[in-house]
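Note that the structure is predicted; figures quoted are calculated from it, not measured. All values below were derived from every heavy atom in this structure, side-chain atoms included, with hydrogens, water molecules and symmetry-related copies excluded.
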Amino acid sequence: MRRHSASAASPKSEQQLLSFNFNQDASCVSVGFPSTGFSIFNCEPFGRFYSSNRDENNSFRVVEMLFCTSLVALVGAGLKAEQSPRRLQIMNTKRNSTICELTFVSAILSVKLNRKRLIVVLEEHIYIYDIANMKLVHTIDTAPNPHALCALSPSSENCFLAYPPSTSGASSGDLLIFDVVNLQAVNIVQAHKSPLSCIVFSYDGTLVATSSDKGTVIRVFSVPTGQKLFQLRRGTYSANIHSIAFDLSNRYLCVSSDTDTIHIYKLLTEAERKEKEKDGRRRSGAGGVTDVSGTSPANNIAEGGTAGSLTKAIGGYLGTGFAAVRSPLVSATSAVSSFLPNQITEIWEPQRDFAFAKVPQTAKGFHNICAIIGGAGPLQLVVVSASGFFYTFGIDGDVGGECAQLKEFSLLDD
């Protein structure tokens, strides 16, 4: 899963982060350095509150926290024999002591934690442990999964795992939802036509978001039923999705990619969507202009190329004037779609972002991850870049639009 972790190496900088990862509620970020161990930072207010011994030649490709506890899962990068990428180390940072170690037959690609389960992902196996006693409770054989595409719900009540299925007849864009408490598969969701590239659960485990390797559409499904609730358009052209994250309330979702633009979506309820459609029809009838952030041309078909090609063709014919006439077209589409079946409506109305942020110059071209924090306070977008910087942006939850950068911090400073 690419949502909240990254192992990145970029030729643009000599000081890179080997790994970086938000914890389950995005209150902290853990960072692995190429040769100086790892550190843990608080996101708001920003500050480093733990560092391993940085004088030793330590390097970790996985640094995974359990919420804000002192328990951390570590996997070495292989610079030393005791830091083999096949060895998992569970550490207590408060006591600076190792709780246990596990060794596997091949390299560990990812580790996921919640308060009930610890998940270890290898290229062709997923191991499920009871985190209370570190007893192996189940093993899943998977199709080759070199990118460790897998997500674990942070919730102990809705305790699910999601990964691409290896069953015969399954599509490359399918998603298997597995109950890690009762140890049984509960659903296979037809998420995309193209292979999956990113999977993430909401904090309460009731939603799961996915993207494909095309990166044009993000879809949100209910868990465990697999009902599609939202279809979010990132763009017309393909992109590599770096991360997806829900806020804690399931109200917002953010997406980062290699396009240097981070998109933020407002997940409207059914009643709110109907009210927005009604408002759009009123404005359309009065000759007004609808906010283009609410609707857009097709993208359910865009992954197959049809609607995306249609949009591109229209843009080519209309040239620069397309932006000026786009809003009335969207209004008309919104009005017409109210009379169409859901399957047809989806073709015309994937939801567009209501806010966005441009990554700063110091982060352009680098892998990054994002999250939304704030809760009862002001909403903020936080971004971590492989260039070694941490950024915060303000989000206007009512107006949206471009997010202003508030702060920038270096993760490389002692």
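Tested against Y129, the residues V180, V120, I90 include a single side chain to side chain contact (heavy atoms under 4.5 Å, CB included) partner, V120. Results of the side chain to side chain contact (heavy atoms under 4.5 Å, CB included) test with C254 over I369, I264, D353 single out I264 as the only residue that passes. Between H192 and the options T210, T216, D213, a side chain to side chain donor-acceptor pair (under 3.5 Å) holds for only T210. Checking each of D398, L268, I395 against F354 for a side chain to side chain contact (heavy atoms under 4.5 Å, CB included) leaves exactly one that passes, namely I395.
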Identify each donor-acceptor pair in which a side-chain atom of residues 130-144 lies under 3.5 Å from a protein atom, sequence neighbours left out, and give them as a table.
{"residue": "D130", "atom": "OD1", "partner": "A132", "partner atom": "N", "Å": "2.9"}
{"residue": "N133", "atom": "OD1", "partner": "K135", "partner atom": "N", "Å": "2.9"}
{"residue": "D141", "atom": "OD1", "partner": "H125", "partner atom": "ND1", "Å": "2.8"}

Show the atom names and distances, to 0.1 Å, of all donor-acceptor pairs under 3.5 Å that link a side chain in residues 370-386 to residues at least two apart or in another chain.
{"residue": "S385", "atom": "OG", "partner": "S387", "partner atom": "N", "Å": "3.1"}
{"residue": "S385", "atom": "OG", "partner": "S387", "partner atom": "OG", "Å": "2.8"}

List the atom pairs, donor and acceptor, that lie under 3.5 Å between side-chain atoms in residues 98-107 and the rest of the protein, sequence neighbours left out.
{"residue": "T98", "atom": "OG1", "partner": "Q89", "partner atom": "NE2", "Å": "2.8"}

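A pairwise comparison of heavy atoms in Q405 and P360 identifies OE1-CG, 3.3 Å as the closest pair. Considering every non-hydrogen atom in both N368 and S257, the closest pair reads ND2-O, 3.9 Å.
Partners of F49 according to the ring pair (Phe, Tyr, Trp, His ring centres under 6.0 Å) rule, which considers only residues two or more places apart in sequence or in another chain, do not exist here. Take F41 and apply the ring pair (Phe, Tyr, Trp, His ring centres under 6.0 Å) test, not counting sequence neighbours, and it matches F46. F160 is linked by a ring pair (Phe, Tyr, Trp, His ring centres under 6.0 Å) to nothing, counting only residues two or more places apart in sequence or in another chain.
Ring geometry, F67 versus Y203: the interplanar angle exceeds 60°, so the pair is classed perpendicular (tilted spans 30 to 60°).
Atom NZ of K80 is surrounded by more than 12 heavy atoms from other residues, nucleotides or ligands within 6.0 Å.
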